[in-house]
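One structure is given below, encoded as structure tokens.
Order of the sequence lines sets the chain letters (A, B, ...), proteins ahead of strands, with each chain counted from 1. The shown structure was predicted, so the numbers you read here are calculated from the model rather than taken from an experiment. Side chains included, hydrogens not; waters and symmetry mates left out as well; all remaining heavy atoms used.
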Amino acid sequence: MGGSQSVFTEEELDDYQELTYFTKKEILHVYKRFRELDPEKVSEVNKNVQLNNETILELSELKVNPFKDQITKVFSSDGSGNMTFEDFLDMMSVFSDNAPKNVKVEYAFRIYDFDGDDMLSSRDLKEVVDRLTGEGQKLGDEEMQQLIDNIFEEADLDDDESLSFAEFEHVISKAPDFVNSFRIRL
Amino acid sequence: MDSDREGLPLVQSGPSSSQYSGLRNRSNYTQPEPEIDYPDNHQEPKLLSPDELLYRMNYAFINHGFDAEQQVEHAQSNLPAAEQDDYEEKILDKIKENSLPLREKLKVIRVFQRGSNRHHAVKGQYSRQGKTRNNIASAFQLWDGVIKNIAAYFGSNVASYFKFLRILFYINISTAFVMFAFTTLPHLIDTDTESNLTITGTFGELSDSLMFYGAYSNKTIHHYNHPLAYLLTWLAVSVTTLVAIGVSMNVRYRRSKLAITEDNYEFSHRTFCSWDHGITTRAGTRDHIRAFTMELKEKIREDQSHERKAWTVILARLLGRLASNMFVIGMLGGSGYLIYYVAQEFELPKESPDFLQKLFTKYQLTTVVAALKLIVPVIFKLIGKLEAWHPRIEQKVTLTRTTLFYFASLAIFISSLYNVTQECLDNSEGRPDDGSGNINKTNTEFCCWENEVGEEVFKLILVDLGICVAVALFFYVLKALLVKTGQCFDWVKLSEFDVSSNVLDLVYGQGLVWLGLYFSPVIAIVGAIKLIVVFYLRYFVARVAITPPTRVFRASRSGNFYLFLLLLTWFLCILPQAYVIIELTPSWDCGPFLDKKHVDEVITNGVGDLPDWLDNTLSYIGTAAVAVPVIVLLILIGLYYKTRASSYSDLARQLRNQLIFERKVGKREVFAIATSAPAGSLGRTTGVAAANKIDEMEERLPHYQ
């Protein structure tokens, strides 16, 4: 860790510390993990290089996550999944313990929004549930429809068959477990 | 992404540019919709206040045309210099909690930094609190890596058990440290305290040592009043623990944001919040997915089946549950009586071998308590399964019963210890002459009842630990070996990690430590060591022999419930000692209080006599004339707060219904008007004129459903 201290200037570290939910030590740790993904490409000179989506997905914490592709897509600057170190830091910061609930809720919404239209339609919900149930045990059509109907009944306040961000936030803020489960530790 | 914008209905976010401002003003439905800056809107961005800017940054992800950097630059260039600093400070203060992506935030910061080349360092303006909060939180946390490992396989529910264990460990270590520093250490330093008493007890040399109450001196050496220190340290530690638990319960409760406890969001919460991102192993993910799917399907099926069950079935169930509840109460009573009987009167028949006799008399009480603790919860669990409750209710019911049992067994244990003390005092040889002249001095023995009590508690802790280790090794590991080598095929499955019963175990163990603290200051260290052993044992067993729990979704706020149990245990275990201090006579042969009639005399002697008026007041306060009204008053206050709370939740429900209504009705109106009004036809009309215009148009609308 002593070696990578020279990678960032004091000012940069200060900025990062003030804008993310990490301390300087943790930021350097995140950088270390980032560099381990592709040590050749990421060097002291070139620290903000963009790594391929495939490379990022090799991270052990993301590898088995059913939503991994959405996660990288949401946090990358161009929506393609290729991330620079700042994007990566942002991602780990939002998933860290200290991130406030409203930030997590917003990113959860973006992750679940598969088609990117800022609303969670029934197609989005179907995709979420499919990912959660895994390959072998998908829900039958009838069951899926019933589940989606129930979700809309609970959360969709204006009857437009899709959840806007305000409705999503309204529901999720009541969940006691959300902050605990929306967490990745490096 | 930008091309999608045009096709979307206006209803997604309120109309923004000045043409539609009339409509916006008319709308008295306050919706949290940000104004849209359309990319082709060539007007100069309006000058936004800091709060407005922060608000928009929060919703930037929906508002695709919004450019924070541009807004800030514009603001900075248009504000007078004096206000610029203020603006900057306000933004920087709140920017951390904002959900803008990091790269955008960096751009905003750079704008400020460029601007503030004029004077003071930007660093000084960063919010101070964030810095200190971060640094403290990332201070060294014991066992972090291990817990992360567990979370990777088992999820955060199981990890919370280990975190609870860690909290208890911290409590024990700090207690041990304080007790050691103020009572044991002075003893070790001062050689004058060597007493020439030899105390015999079950542990031989250990009984004589500073481990137990008996060896502590009752003198004041070098101005250090040992007995007073003993008492005060114990008191201070107990009260601090109480305060710490109370405060952390309060903090947690506030954080969990007194949400409406109606369970209306079951499906939404299951879908959106149950994936645990902390699970990072393939095996863990697979298990979690399987458990989740099962639970989800079950929930859906349950929702579907609305058949009424035949009344015979209902009746049978009711009777069955009644019977099992009576059985449970019977068991509780029976085990209480058993403990009491063994403590008092039980003796092995004379023919049994000597060593068994010796062993048994030493350990009889402990064995019975520990054995019951092993057997009864298992029986309760079985009963719970047989009763055919809904699974979540079953868990709560079993939890309640087991808790009751633990408390009952602790209470009976304490009262049987009381009998020990009475016996001992009666036979004590150091008993002072009480003036009647007919003390029978022939049958006396050396009596140090505090030591005996301390030893009993210590024995119980050790036996508890022993059983825990034995069960873990012989039951779980053997079972796992059998399952893995395929010996028993399908009958035997790996057990699940039962978080609630393990947590209850921990709470029980902690209760024992608190119980023994007065009688044996070193017991907190023993407690801490026990926790270390239990931690690694459970970790080992979990990795090797146990599957993650199949109930993935826990709807209850169990974290606070366990703290509450801890609090109750504190009361159950510390209050008897308060009674001891006030009512019972300390033994005359040993310990720091051997020459006092009541332990609290130490304080009164130490502090000096209270002035008369204070003395009278205090004794008056203790009487019933004051106590009863105070209790009634407290009950009334409690009821008042409860009524207030329920009226607030009623209010919240009403507001929610109103919100639903307005969203539904309001949105339809806006949508209908927006789709039917030709662009710009509403113009700059505001207020009544606009309202009239809209009413006109509404009448012409087709019915929108």
Side-chain angles (χ1 to χ4, degrees), chain A residues 14-15 17-23 25-26 60-61 64-66 77 79 86-87 89-90 93 95 98 100 102-103 106-108 110 112 116-118 125 128-129 132-134 137 139 143 146-147 150-151 154-155 157-159 164-166 171-172 174-178 180-185, chain B residues 1 4 8 12 31-32 58 61-62 95-97 99 101-103 105-106 109 123 126-127 130-131 134-135 137-138 148 156 256-257 259-260 264-269 271-282 285-286 289-290 292-293 296-297 300 303-304 554 557 659-660 663-664 667:
Chain A
D14 262 338
D15 283 344
Q17 180 170 315
E18 288 309 317
L19 296 178
T20 63
Y21 312 105
F22 284 137
T23 59
K25 201 167 87 162
E26 290 167 339
S60 60
E61 279 83 355
V64 289
N65 199 314
S77 17
E86 280 174 4
D87 299 331
L89 183 64
D90 202 12
S93 161
F95 273 107
N98 299 324
N102 62 308
V103 174
E106 179 198 313
Y107 281 99
R110 293 168 73 180
Y112 291 141
D117 61 352
D118 299 332
L125 291 183
V128 170
V129 175
L132 285 175
T133 54
Q137 320 159 66
L139 252 45
E143 287 175 329
Q146 177 163 7
L147 174 62
N150 278 332
I151 295 181
E154 288 170 358
L157 298 179
D158 56 6
D159 264 359
S164 69
F165 176 65
V171 168
I172 296 301
K174 302 275 169 54
D177 268 356
F178 174 67
N180 285 335
S181 56
F182 202 75
R183 190 153 54 174
I184 293 182
R185 285 214 192 98
Chain B
M1 195 82 108
D4 289 345
L8 288 171
Q12 265 194 283
Q31 302 174 9
N58 245 326
F61 70 103
I62 313 185
I95 200 170
K96 191 168 192 165
E97 300 143 16
S99 54
L102 181 64
R103 50 184 178 276
K105 284 189 199 174
L106 277 172
I109 294 246
K123 290 187 191 165
Y126 280 139
S127 157
K131 236 177 188 155
N134 252 338
N135 284 332
S138 79
K148 183 184 166 210
S156 52
S256 77
K257 220 205 268 188
I260 300 178
N264 299 13
Y265 293 119
E266 289 197 8
F267 284 101
S268 318
H269 284 178
T271 315
F272 296 124
C273 308
S274 60
W275 177 259
D276 192 348
H277 292 264
I279 297 185
T280 56
T281 56
R282 203 165 288 280
T285 334
R286 199 185 47 216
I289 287 182
R290 202 176 333 157
F292 171 77
T293 318
L296 193 64
K297 287 195 174 157
I300 296 178
D303 200 61
Q304 275 172 344
R554 55 173 181 141
R557 288 186 278 269
L659 180 74
I660 296 176
R663 294 288 310 228
K664 286 194 181 155
K667 272 232 159 125

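With a threshold of 4.5 angstrom between heavy atoms, A/Phe182 approaches chain B through its backbone and through its side chain. For A/Gln146, the part lying near chain B is the side chain, with the backbone staying farther off; criterion is any non-hydrogen pair under 4.5 Å. With a threshold of 4.5 angstrom between heavy atoms, A/Val128 approaches chain B through side-chain atoms but not through N, CA, C or O. If you measure heavy-atom distances from B/Thr285 to chain A, the contacts under 4.5 Å come from the side chain alone. Heavy-atom distances place both the backbone and the side chain of A/Thr133 under 4.5 Å from chain B. Proximity to chain A (any heavy atom under 4.5 Å) is shown, for B/Ile289, by both the backbone and the side chain. Only the side chain of B/Leu296 comes within less than 4.5 Å of a heavy atom of chain A; its backbone N, CA, C and O stay farther away. In this structure, chain B has a heavy atom under 4.5 Å from the side chain of A/Arg110, while its backbone stays farther away. In this structure, chain A has heavy atoms under 4.5 Å from both the backbone and the side chain of B/Arg290. Both the backbone and the side chain of A/Ser77 come within contact range of chain B, each with at least one heavy atom under 4.5 Å from a heavy atom of that chain.
At least one donor-acceptor pair under 3.5 Å links the side chain of B/Asn58 to the backbone N or O of B/Ser99.
Annotation: side chain of B/His277 is in contact with side chain of A/Asn65 (closest heavy-atom distance under 4.5 Å).
Under the ring pair (Phe, Tyr, Trp, His ring centres under 6.0 Å) criterion, A/Phe165 pairs with A/Phe109, B/Tyr59, B/Phe61, sequence neighbours left out. Residues satisfying the side-chain hydrogen bond (donor to acceptor under 3.5 Å, both in side chains) test with B/Asp276, not counting sequence neighbours, are B/Ser156.
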